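See below for the structure under consideration.
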Amino acid sequence: MAEEIVRVGGWVAEVHDVGRRLRFILLRRGEERYQLTLKRGVVAEDLFRLTEDLPQESVIEAEGRIVSEKVARGADLEIVPERIVVHSLADRKLPLDPNWKVKALLPTRLDNRPLDLRRPEVQAIFRITASLVRGMTDWLDERGFVRLFTPAIIGGYSESGAETFRVRYFDQTAYLRQDPQLHRQLAIIGGFDKLYDLGTNWRAEPSHTTRHITEFRSIAVEMAFIRDERDVMRVEEEMIRAGIERVVEERQRELEILGVDLTVPRTPFPELRFPEVYDILKSRGKDIPYGEDYDTESERIICSYAREELGSEFVFVNRFPFSAKPFYVMKADPPWARSVDLLYRGLELSSGGQREHRHEVLVSQLVEKGMNPKSMEWFTKFFRYGAPPHGGFALGIERLITQMLGLGNIREAALFPRDPSRVLP
RNA sequence: GCCCCGGUGGUGUAGCCCGGCCAGCAUAGGAGCCUGUCGAGCUCCAGACCCGGGUUCGAAUCCCGGCCGGGGCGCCA
């Protein structure tokens with residue numbers, strides 16, 4: 001068997017000098033590890049000089065022969081180098097250890113995120129996210145959903161109750177979107193009947209929790225000519241199932257690195273409805289007054305119920321009180337609305353449902369919410385020119401990943417997370 | 001926005017309740033030893049009590065203020 005010449009580059013994870021005549025250099029490259037073996041008398045003397053005092057996390061590249069019978073444990077490849085190039089020498093004192101011999105706390109990790117990202121278990125999160133998103137978008141693409149890009153800068157009032165970030169826009173004030181919802185609806189009126197948008201949203205909420213960041217991504221679907229909100233739910237659950245299936249197919253190694261045992265969920269997901277939700281909560285010791293919205297603890301209770309009684313980690317909650325939802329949702333029998341949340345392992349993943357498409361009803365609901373119809377006219381006026389029944393949902397990608405991988409903090413699922421006190425790096 | 005908790009070498013921690021020997025340990029760093037290491041091992045060295053005020057003979061430890069951070073709730077993805 002001929003000895004193969006390869007070129008490998010990476011970050012110096014460790015250097016082991018064993019006596020004066022033997023040196024091992026362990027390189028890290030993504031999730032792979034390569035070992036360079038330098039024996040005096042076997043490799044050129046200048047390679048020893050070149051790698052003398054090589055600080056951890058320096059970047060080097062080496063060319064050499066693969067050791068055919070693999071001797072190195074814990075390395076994907078062992079190489080006897082013939083040439084080495086040192087690209088970059090790292091400082092000797094590092095703000096955190098990518099080898100993770102000493103664990104750092106999350107704030108320290110985020111302050112030094114590029115170093116933190118070098119860890120295979122951190123990279124795994126983002127490799128899994130890429131597969132998840134691709135699984136979901138492929139599923140949508142294959143079914144004729146068109147990917148559209150809706151604006152992030154909005155000149156007027158956006159939607160939902162969340163605070164917006166104001167931006168100076170030449171001589172006027174504009175806002176960063178909290179959700180691409182309203183423009184998805186306008187695209188429906190524009191004649192697209194199946195569409196999705198994958199993008200960033202911003203919320204200026206000073207939330208100090210493990211499930212909020214001020215900048216997050218969503219995959220948001222909107223579809224026309226639906227019979228009711230359940231058509232939307234069927235799309236959502238299949239999209240999620242397809243995403244998780246893709247992760248299971250493509251990312252076994254990453255799941256193993258993270259120690260996550262992931263199974264593809266069964267569809268359809270169970271559906272609970274108001275007002276029955278109040279009875280379920282009551283049976284588990286949580287008293288929510290009839291007609292009122294539930295709280296964070298309720299979400300966890302409902303998820304325990306769904307897991308124990310319905311055998312599902314995903315559960316839809318439908319027919320929320322209209323009073324708890326924005327003006328554009330379609331009402332069902334009063335006081336309920338065709339408004340659906342999807343919960344997963346105790347956390348809200350998405351909101352959606354059927355939207356109100358009748359202009360006069362839409363405007364009267366605006367008034368009912370105490371809003372000035374004028375302020376939303378930029379949006380509502382287009383409903384006078386022909387609007388089909390439609391609905392959709394927006395699913396938080398970081399939240400789905402956080403719950404799916406059991407990360408415990410949504411910041412883990414964002415590459416460079418933004419929260420009320422962090423905008424750098 | 002309201003509430004709770006916490007700040008000790010580069011990193012992660014012990015000590016704090018019950019004030020008092022050179023502030024302990026791990027890892028990273030420095031100097032050496034070791035020809036197959038692989039979380040390498042061994043010897044030695046260097047490195048810290050967030051800031052300000054107070055109590056006290058004496059403060060990392062108790063009290064007050066500030067700054068910074070984490071978390072819970074609310075709101076939401």
Side-chain angles (χ1 to χ4, degrees), chain A residues 13-28 33-42 53 55-57 67 69-76 78 80 90-112 115-116 159-164 177-181 199-220 293-299 324-326 341-344 347-352 393-403 408-411 413-414 419-422:
Chain A
E14 287 175 57
V15 179
H16 293 166
D17 276 345
V18 182
R20 202 164 289 207
R21 300 163 160 276
L22 183 61
R23 173 172 298 152
F24 299 104
I25 302 172
L26 212 62
L27 295 184
R28 186 192 323 101
R33 285 164 85 84
Y34 311 125
Q35 180 174 277
L36 307 181
T37 302
L38 287 79
K39 271 183 202 165
R40 246 187 242 277
V42 176
D53 272 335
Q56 199 189 97
E57 300 308 318
V67 174
E69 56 303 335
K70 198 183 132 192
V71 187
R73 300 195 301 274
D76 297 278
E78 179 172 347
V80 177
D91 276 4
R92 289 182 182 275
K93 286 229 171 178
L94 302 170
L96 65 82
D97 175 21
N99 290 335
W100 216 230
K101 284 183 191 169
V102 177
K103 296 171 173 48
L105 299 173
L106 189 57
T108 308
R109 292 172 46 205
L110 296 179
D111 287 341
N112 302 283
L115 281 170
D116 186 48
E159 62 95 20
S160 95
E163 280 296 316
T164 49
R177 71 177 182 194
Q178 310 157 308
D179 186 292
Q181 152 102 36
T200 308
N201 309 303
W202 294 268
R203 304 267 163 102
E205 296 284 350
S207 304
H208 279 108
T209 81
T210 53
R211 55 188 187 283
H212 292 88
I213 41 183
T214 53
E215 180 182 272
F216 68 96
R217 287 92 211 155
S218 66
I219 182 161
D293 198 5
Y294 59 44
D295 58 11
T296 314
E297 190 191 8
S298 303
E299 291 178 348
K325 291 293 175 177
D341 279 7
L342 177 63
L343 308 183
Y344 176 40
L347 185 65
E348 178 183 346
L349 279 194
S350 80
S351 272
F393 61 88
L395 177 101
I397 292 169
E398 289 91 346
R399 280 199 172 179
L400 175 53
I401 288 290
T402 303
Q403 297 306 92
N409 191 322
I410 195 168
R411 277 157 256 235
D419 64 34
S421 55
R422 182 182 301 282

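Since the structure is predicted, the reported quantities are computational estimates derived from the model, not experimental observations. Protein chains get the first letters and strands the later ones, always in sequence-line order, with residue 1 at the start of each.
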A:D419 and A:T214: side chain donor to acceptor below 3.5 Å: no
A:V15 vs A:V18, nearer the 5' end of RNA chain B by closest nucleotide: A:V18
Nearest-nucleotide 5' precedence on RNA chain B, A:F24 against A:E398: A:F24
Inter-nucleotide [atom1] distance ([N], [M]), Å rounded:
N: B:U43; M: B:U27; atom1: P; answer: 11 Å
N: B:C25; M: B:U8; atom1: C1'; answer: 13 Å
N: B:C3; M: B:G12; atom1: C1'; answer: 29 Å
N: B:C76; M: B:C67; atom1: C1'; answer: 30 Å
N: B:A59; M: B:G52; atom1: C1'; answer: 15 Å
N: B:A26; M: B:G41; atom1: C1'; answer: 16 Å
N: B:C63; M: B:C17; atom1: P; answer: 9 Å
N: B:G65; M: B:U55; atom1: C1'; answer: 15 Å

Atom pair distance, as rounded to whole Å: [atom1] in [X] and [atom2] in [N]:
X: A:R177; N: B:C76; atom1: CZ; atom2: P; value: 19 Å
X: A:R203; N: B:G74; atom1: CZ; atom2: C1'; value: 15 Å
X: A:D111; N: B:G69; atom1: CG; atom2: P; value: 9 Å
X: A:E348; N: B:G74; atom1: CD; atom2: P; value: 12 Å
X: A:E299; N: B:C73; atom1: CD; atom2: P; value: 10 Å
X: A:H16; N: B:G36; atom1: NE2; atom2: P; value: 14 Å
X: A:D341; N: B:A77; atom1: CG; atom2: P; value: 7 Å
X: A:Q403; N: B:A77; atom1: CD; atom2: C1'; value: 11 Å

Flag side-chain contact, heavy atom, 4.5 Å: A:N99 against A:R28: yes
Sequence neighbours excluded - salt bridge (charged side-chain N to carboxylate O under 4.0 Å, His left out) pairs with any residue from residues 91-104 of chain A: none
Using a 4.0 Å heavy-atom cut-off across all strands, classify [X] as base, sugar-phosphate, or nothing.
X: A:Q35; result: base
X: A:T209; result: base
X: A:S207; result: base
X: A:R23; result: nothing
X: A:N201; result: nothing
X: A:L26; result: nothing
X: A:R92; result: sugar-phosphate
X: A:L347; result: nothing

Donor-acceptor pair, side chain of [X] and main chain of [Y], under 3.5 angstrom:
X: A:R33; Y: A:L26; answer: no
X: A:D116; Y: A:L110; answer: no
X: A:R399; Y: A:E348; answer: yes
X: A:E78; Y: A:A72; answer: yes
X: A:S207; Y: A:T209; answer: no
X: A:E205; Y: A:E163; answer: yes

Check the interface with nucleotides 4-6 of chain B: list each N/O to N/O pair with the protein under 3.5 Å, or write none.
none

Short N-O contact, A:D17 and A:R23, less than 4.0 angstrom: yes
Base-pair map of RNA chain B as dot-bracket, where | denotes pairing with a different strand and pairs are Watson-Crick or G-U under 3.5 Å: (((((((..((((......[...)))).(((((.......)))))....(((((..]....))))))))))))....
Stacking check A:F216 vs B:A77 (5.5 Å / 30 deg): yes
Below 3.5 Å is the cut-off: list the nitrogen or oxygen pairs between protein and nucleotides 9-12 of chain B, distance only.
unit_1	atom_1	unit_2	atom_2	d
B:G10	O2'	A:L94	O	3.2
B:G12	OP1	A:L105	N	2.8
B:G12	OP1	A:T108	OG1	2.7
B:G12	O4'	A:K103	O	3.2

Test side-chain contact (heavy atoms from CB on, under 4.5 Å) applied to A:Q403 - qualifying residues, sequence neighbours left out: A:Y344, A:R345, A:L347
Short side-chain N/O contact from A:R73 to OP1 or OP2 of B:G39, under 4.0 Å: no
Phosphate OP1/OP2 of B:A77 contacted by A:S351 side-chain N/O (<4.0 Å): yes
Nearest-neighbour nucleotide for the A:T296 side chain, B:C75, B:G36, B:G70 considered: B:C75
Partners passing side chain to side chain donor-acceptor pair (under 3.5 Å) against A:D111 (at least two apart in sequence or in another chain): A:R422
Side-chain-base donor-acceptor pair under 3.5 Å for A:E163 and B:G1: no
hbond_proxy A:H208 side chain to B:C73 base (donor-acceptor, 3.5 Å cutoff): no
